[in-house]
Amino acid sequence: MSFEISGNGETLTIENCGKSYFITGVKSLNGDYSGFYLPANGDMIFEFLSGVKKSRLFYTYSENISSKLLQNFIHININSSKNKSPDLYFSKSPSNPQNLVFAFSGGTAFSKVKENFLYECADDFSQFLSPDPNLWADGSLFPLLENPVEITFESEKTKVTLNDSSINFSSFVSALLKLRHGKIFAPPLKLPPEPDFSIRIQAGDGRWGIFNFYKFSLSGGDESYAVLPKYFPSEFDDGQSREALQKVSGQYELSVWSAQKIISLFETR
């Protein structure tokens, strides 16, 4: 299953692989493509799909609307192997900002609405109406790695390896996994050839990941970090999951404060 959200000249694509969802990139109307493949927020996607299926009270707002009008709406297309889903179009109601107006075309999912009609309903869905990848990304700094059993930190001056027999390992892991990253860099930045430091995490199921951290200067002169993840599947991952993990690529931002916190966590061990 996959879905696309289009609006403001951009189209975001999210696909399901195994037990996880991934953002596959953003395309713009002028043909530009910001390619990346990064973990998406599974909880948000569950809420989104539940919201699509939710029964709502609605009434007819307008009849015989034009395709030109719908060009200014947020467009959602869900591709499922079970049935052909309609193309959905959403916008804020012109007469009541607390409501949404919506329309659909194609598909067989709805039996009580008609094509080329515009309907109005209460707004409990607008939080999902954006193709911004930062809205849909998994904000965890180290996603898809459950119950770590070994973590290695390496920089030019320091190398520290901790495992589940290390003192206070569980509390250390808890502090590390609470950290979150910033925005996705799309298009990616040009970075130095070598990272400032890297972290290797092995999960309890045998899956592991390497995260390289690069310091760079922002346009205003302030410093920040870019994080590049790379995953390696375990023998327990199915074919879809293995393929998805090996495709992960992209960059996301980490604040200097968070990077320094990571460094201090390891250097004090």
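Along the sequence shown, residues carry numbers from 1.
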Any side-chain heavy-atom pair of N77 and H75 under 4.5 Å: yes

N/O donor-acceptor pair under 3.5 Å between K27 side chain and T11 backbone: no

G204 versus V149, closest heavy-atom pair with distance: CA-CG1, 3.8 Å

Reported CD-to-OH distance for the pair E15 and Y37, which is rounded to 0.5 angstrom: 3.5 Å

Distance-only side-chain donor-acceptor flag, S93 / N96, under 3.5 Å: no

Same apolar cluster (I L V M F W Y, side chains within < 4.5 Å links), F46/I78: no

Approximate separation, where rounding is to 0.5 Å, of F22 CZ and E243 CD: 10.5 Å

Worked check of side chain to side chain contact (heavy atoms under 4.5 Å, CB included) between L100 and S126: CA-CA 8 Å; L100 286 175; S126 60; 4.3 Å; yes

Heavy-atom side-chain proximity of D123 to Q98 below 4.5 angstrom: no

Y89-V101 co-clustered via ILVMFWY side chain contacts under 4.5 Å: yes

Worked verdict on D132 versus V26 for side chain to side chain contact (heavy atoms under 4.5 Å, CB included): CA-CA 8 Å; D132 182 357; V26 177; over 6 Å; no

Non-hydrogen atoms of L179 and S258 that approach each other most closely: CD1-O, 4.4 Å

Co-membership, hydrophobic cluster, residues L245 and I210, 4.5 Å side-chain: no

Any donor-acceptor N/O pair, S140 side chain to K178 backbone, under 3.5 Å: no

Distance (rounded to the nearest 0.5 Å) between I74 CD1 and I5 CD1: 8.0 Å

CD-CD distance between E47 and Q127, expressed to the nearest 0.5 angstrom: 7.5 Å

Any side-chain heavy-atom pair of Y61 and N99 under 4.5 Å: no

Minimum side-chain heavy-atom gap F73-I65 below 4.5 Å: no

Straight-line distance of I201 CD1 to E150 CD, nearest 0.5 Å: 11.0 Å

Residue list, side-chain hydrogen bond (donor to acceptor under 3.5 Å, both in side chains) with S241, at least two apart or on another chain: D238

Check: T13 main-chain N/O paired with T24 side-chain donor or acceptor under 3.5 Å: yes

Sub-4.5 Å side-chain heavy-atom contact between Y214 and F197: no

Non-hydrogen side-chain atoms of Y231 and P143 separated by less than 4.5 Å: yes

Any side-chain heavy-atom pair of F142 and P148 under 4.5 Å: no

Side-chain donor/acceptor of R207 to backbone N/O of L144, under 3.5 Å: yes

Donor-acceptor pair, side chain of S171 and main chain of N168, under 3.5 angstrom: yes

Whether over 12 other heavy atoms sit under 6.0 Å from L218 CG: yes

Side chain to side chain contact (heavy atoms under 4.5 Å, CB included) evaluation trace for L88 with F102: CA-CA 7 Å; L88 303 171; F102 70 93; 5.9 Å; no

Parallel, tilted or perpendicular, as decided by the 30° and 60° cut-offs, for the rings of Y119 and F58: perpendicular

Beyond-backbone contact of L70 with D87, side-chain heavy atoms, under 4.5 angstrom: no

Shortest non-hydrogen separation from S130 to L135 and the atoms involved: CB-CD2, 3.8 Å

Side-chain donor/acceptor of N134 to backbone N/O of I184, under 3.5 Å: yes

Exercise: identify the closest heavy-atom pair between Q202 and W208: CA-CB, 3.7 Å

Same cluster (ILVMFWY, side-chain, under 4.5 Å), M1 and L38: yes

Whether F266 and F153 hold their rings parallel, tilted or perpendicular, with breakpoints at 30° and 60°: parallel

Neighbour count above 12 (heavy atom, 6.0 Å) for K19 NZ: no

Rounded distance [0.5 Å steps], OH in Y21 versus OG in S2: 10.0 Å

Working for side chain to side chain contact (heavy atoms under 4.5 Å, CB included), residues Y225 and Q260: CA-CA 10 Å; Y225 281 82; Q260 292 301 322; 3.9 Å; yes

Least distance between heavy atoms, P133 atom then I23 atom: O-CD1, 3.5 Å

V227 to L141 - nearest heavy-atom pair and separation: CG2-CD1, 4.2 Å

K230, NZ atom: more than 12 neighbouring heavy atoms under 6.0 Å: no

Ring pair (Phe, Tyr, Trp, His ring centres under 6.0 Å) involving F48 - partner list, sequence neighbours excluded: F3, F125, F128, W136

Polar side-chain atom of E253 near backbone of S224 as donor-acceptor pair, under 3.5 Å: no

Joint hydrophobic cluster, L69 plus F117, side-chain heavy atoms closer than 4.5 Å: no

